[in-house]
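This report concerns only the one structure given below.
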Amino acid sequence: MAQRHYAARNGVLVALDAPLLVIHGGAGVEPGDLTPVEEEAARAALRDALKAGYAKLQAGASSVEAVTAAITVLEDAPQFNAGRGAVFTHDGRNELDTSLMDGASGKAGAAAGLHRVKNPILLARAIMEKSKHVMMVGDGAEAFAKEQGVALVDPAYFRVEKRWQQLQKALAEEKKAQASNTSLELPGKAYFGTVGALALDAQGRLAGGTSTGGMTNKRYGRVGDSPIIGAGTWADDRCAVSGTGWGEYYIRAAAAHEICARVRLAGDPIARAADRVINRDIPKAGGDGGAIALGADGSVAFPFNTGGMYRGWIGSDGVPHVAIYKTDAMATPR
């Protein structure tokens with residue numbers, strides 16, 4: 001039976017020498033949404049991301065490096081709404097948002113409204129480590145990316161045919177609603193589509209990151225929770241969270257920070273705090289979605305209230321554990 005070593009650090013129980021990585025590829029996926037081929041490709045990409053991040057942890061790298069490595073793989077996978085698989089805006093463009101936070105130092109980096117950054121999470125890290133700022137947007141963020149050597153690509157790189165067809169369908173539905181003079185009511189899942197990762201390294205330090213392509217057919221430069229520290233991403237010395245859901249509600253609830261605040265101030269276990277915010281407070285307000293949460297003591301939670309959420313974790317056994325639908329059985333770390 002695997003043994004875990006702990007230390008009390010400033011009143012926080014920290015798991016040592018037992019690195020752990022937790023990821024998500026977005027909530028809102030429902031049974032029947034994917035073909036068998038698409039489903040297996042998604043599971044393979046989740047496993048690849050877990051292995052990439054865990055390889056960093058095994059080599060003694062920091063939680064920040066592990067989170068960055070895992071999210072980079074997810075951004076490169078067209079199966080998820082981030083990086084390469086980003087959805088299209090109303091104007092037929094891809095608009096990317098991201099954030100990263102280091103729980104040990106409290107430092108953070110974020111960017112929104114990107115069109116040419118191949119891996120937005122790398123820009124978030126550069127902003128966190130190489131600038132005095134926390135958040136950059138649009139052209140300015142891309143100018144900084146160029147200065148820092150973060151790879152820029154032609155916007156055509158992000159074009160995935162499935163995403164383009166999703167936009168065409170959304171535009172057609174919008175036109176039909178306008179013709180009949182009725183308001184277009186979008187389902188909550190229209191606002192979903194995010195990837196995220198959380199890591200606990202061998203020194204007991206936490207980090208969290210999130211990356212997204214936003215929502216199909218979005219207009220007016222709309223920004224969701226993913227690049228907002230405290231809403232879509234949070235990490236401190238005892239708790240880390242990455243969210244995936246209806247961004248407007250996550251922003252209003254400061255969802256990621258709220259979960260960790262309940263852990264810190266009320267002494268709630270990670271699972272209870274995450275469940276109360278994601279499955280009670282946000283639905284009560286009118287939103288839905290999911291999240292991943294990771295404690296410094298090695299506890300994890302995967303709350304979501306949709307038919308599925310791409311999710312997974314990898315720990316001391318070195319085996320990637322992944323799941324998609326609510327009905328999928330997935331072991332949890334011990």
Side-chain angles (χ1 to χ4, degrees), residues 19-26 45-77 80-86 96-112 114 117-131 133-136 141-142 144-145 147-153 194-213 226-229 232-236 240-244 256 292 294 310-315 320:
L20 192 58
L21 177 69
V22 185
I23 66 172
H24 73 78
L46 291 170
R47 288 191 290 266
D48 288 345
L50 288 167
K51 287 187 281 190
Y54 197 67
K56 294 287 186 181
L57 293 173
Q58 284 184 308
S62 70
S63 53
V64 167
E65 289 187 69
V67 165
T68 305
I71 291 180
T72 297
V73 173
L74 295 173
E75 287 176 337
D76 289 344
F80 310 107
N81 177 16
R84 182 78 195 284
L96 315 174
D97 306 329
T98 184
S99 60
L100 177 68
M101 190 167 188
D102 177 11
S105 67
K107 292 182 178 179
L114 308 174
V117 177
K118 181 174 183 284
N119 292 107
I121 194 66
L122 298 182
L123 176 56
R125 185 174 178 183
I127 291 169
M128 181 178 79
E129 296 179 342
K130 305 291 180 59
S131 83
H133 308 306
V134 170
M135 192 174 200
M136 298 181 187
E142 295 194 336
F144 181 76
E147 286 179 11
Q148 297 300 319
V150 176
L152 300 177
V153 293
T194 320
V195 304
L198 311 171
L200 175 67
D201 64 27
Q203 281 71 52
R205 301 170 300 193
L206 291 164
T210 311
S211 184
T212 188
S226 297
I228 298 177
I229 299 300
T233 299
W234 183 261
D236 55 35
V241 173
S242 173
T244 165
I292 51 175
L294 174 61
Y310 299 104
R311 59 200 186 277
W313 66 275
I314 187 169

Point to revise | Straight-line distance of Leu206 CG to Met101 CE, nearest 0.5 Å | key: 11.0 Å
Practice item. Please round to the nearest 0.5 Å and tell me the distance separating atom CZ of Phe144 and atom CD1 of Ile127. Key: 6.0 Å
**Study point:** Least distance between heavy atoms, Ser99 atom then Ala110 atom
**Key:** CB-CB, 3.8 Å
Review point. Got a donor-acceptor contact below 3.5 angstrom from the Thr68 side chain to the Val64 backbone?
Key: yes
Review point. Can you name the side-chain contact (heavy atoms from CB on, under 4.5 Å) partners of Val150, sequence neighbours left out?
Key: Val117, Leu122, Leu123, Ala126, Ala145, Gln148
Check your understanding: Of all heavy-atom pairs between Ser211 and Pro120, which one has the smallest distance, and what is that distance?
Key -> OG-CB, 4.1 Å
Practice item. Taking Ser63 for its side chain and Arg205 for its backbone only, find out whether a donor-acceptor pair lies under 3.5 Å. Key: yes
Review point. Residues in side-chain hydrogen bond (donor to acceptor under 3.5 Å, both in side chains) with Glu147, at least two apart?
Key: none
**Study point:** Residue pair Ala141 / Met136: nearest heavy atoms and the distance that separates them
**Key:** CB-CB, 3.7 Å
Check your understanding: Taking only residues two or more places apart in sequence, or in another chain, which ones meet Glu65 in a side-chain contact (heavy atoms from CB on, under 4.5 Å)?
Key -> Ala61, Ser62, Arg125
Review point. Checking side-chain contact (heavy atoms from CB on, under 4.5 Å) for the pair Thr194/His24: CA distance, chi angles, key distance, verdict?
Key: CA-CA 8 Å; Thr194 320; His24 73 78; 3.9 Å; yes
Exercise for review: Quick one: do Trp313 and Leu21 satisfy side-chain contact (heavy atoms from CB on, under 4.5 Å)? Show the steps, please.
Suggested key: CA-CA 5 Å; Trp313 66 275; Leu21 177 69; over 6 Å; no
Check your understanding: In Å, rounded to the nearest 0.5 Å, how long is the span from CG of Leu57 to CD1 of Ile314?
Key -> 9.0 Å
Point to revise | Heavy-atom closest pair, residues Val73 and Ala52 | key: CG2-CB, 3.7 Å
Review point. In terms of side-chain heavy atoms, does Thr210 have a donor or acceptor partner in Ser242 at a distance below 3.5 Å?
Key: yes
Practice item. Evaluate side-chain contact (heavy atoms from CB on, under 4.5 Å) for Ile121 paired with Thr72, printing each intermediate quantity in order. Key: CA-CA 7 Å; Ile121 194 66; Thr72 297; 3.6 Å; yes
Revision key, fill the gap. For Ala69, the side-chain contact (heavy atoms from CB on, under 4.5 Å) test, sequence neighbours excluded, returns Lys56
Point to revise | Whether Asn81 side chain and Gly213 backbone form a donor-acceptor pair below 3.5 Å | key: yes
Check your understanding: Can you name the nearest heavy-atom pair linking Ala86 to Leu96, along with the distance?
Key -> CB-CD2, 3.3 Å
Revision key, fill the gap. Closest non-hydrogen atoms of Gly315 and Tyr54, given as atom of the first, atom of the second and distance, are O-OH, 2.8 Å
Study note, to complete from the structure: Rounded to the nearest 0.5 angstrom, the CG-CZ distance for Leu74 and Arg84 is 15.0 Å
**Study point:** Stepwise side-chain contact (heavy atoms from CB on, under 4.5 Å) test for Val195 and Ile23
**Key:** CA-CA 7 Å; Val195 304; Ile23 66 172; over 6 Å; no
Revision key, fill the gap. Across all chains, not counting sequence neighbours, the side-chain hydrogen bond (donor to acceptor under 3.5 Å, both in side chains) partners of Asn119 are Glu75, Asp76
Check your understanding: Residues two or more places apart in sequence or in another chain: which of them pass side-chain contact (heavy atoms from CB on, under 4.5 Å) with Ser105?
Key -> Asp102, Lys107
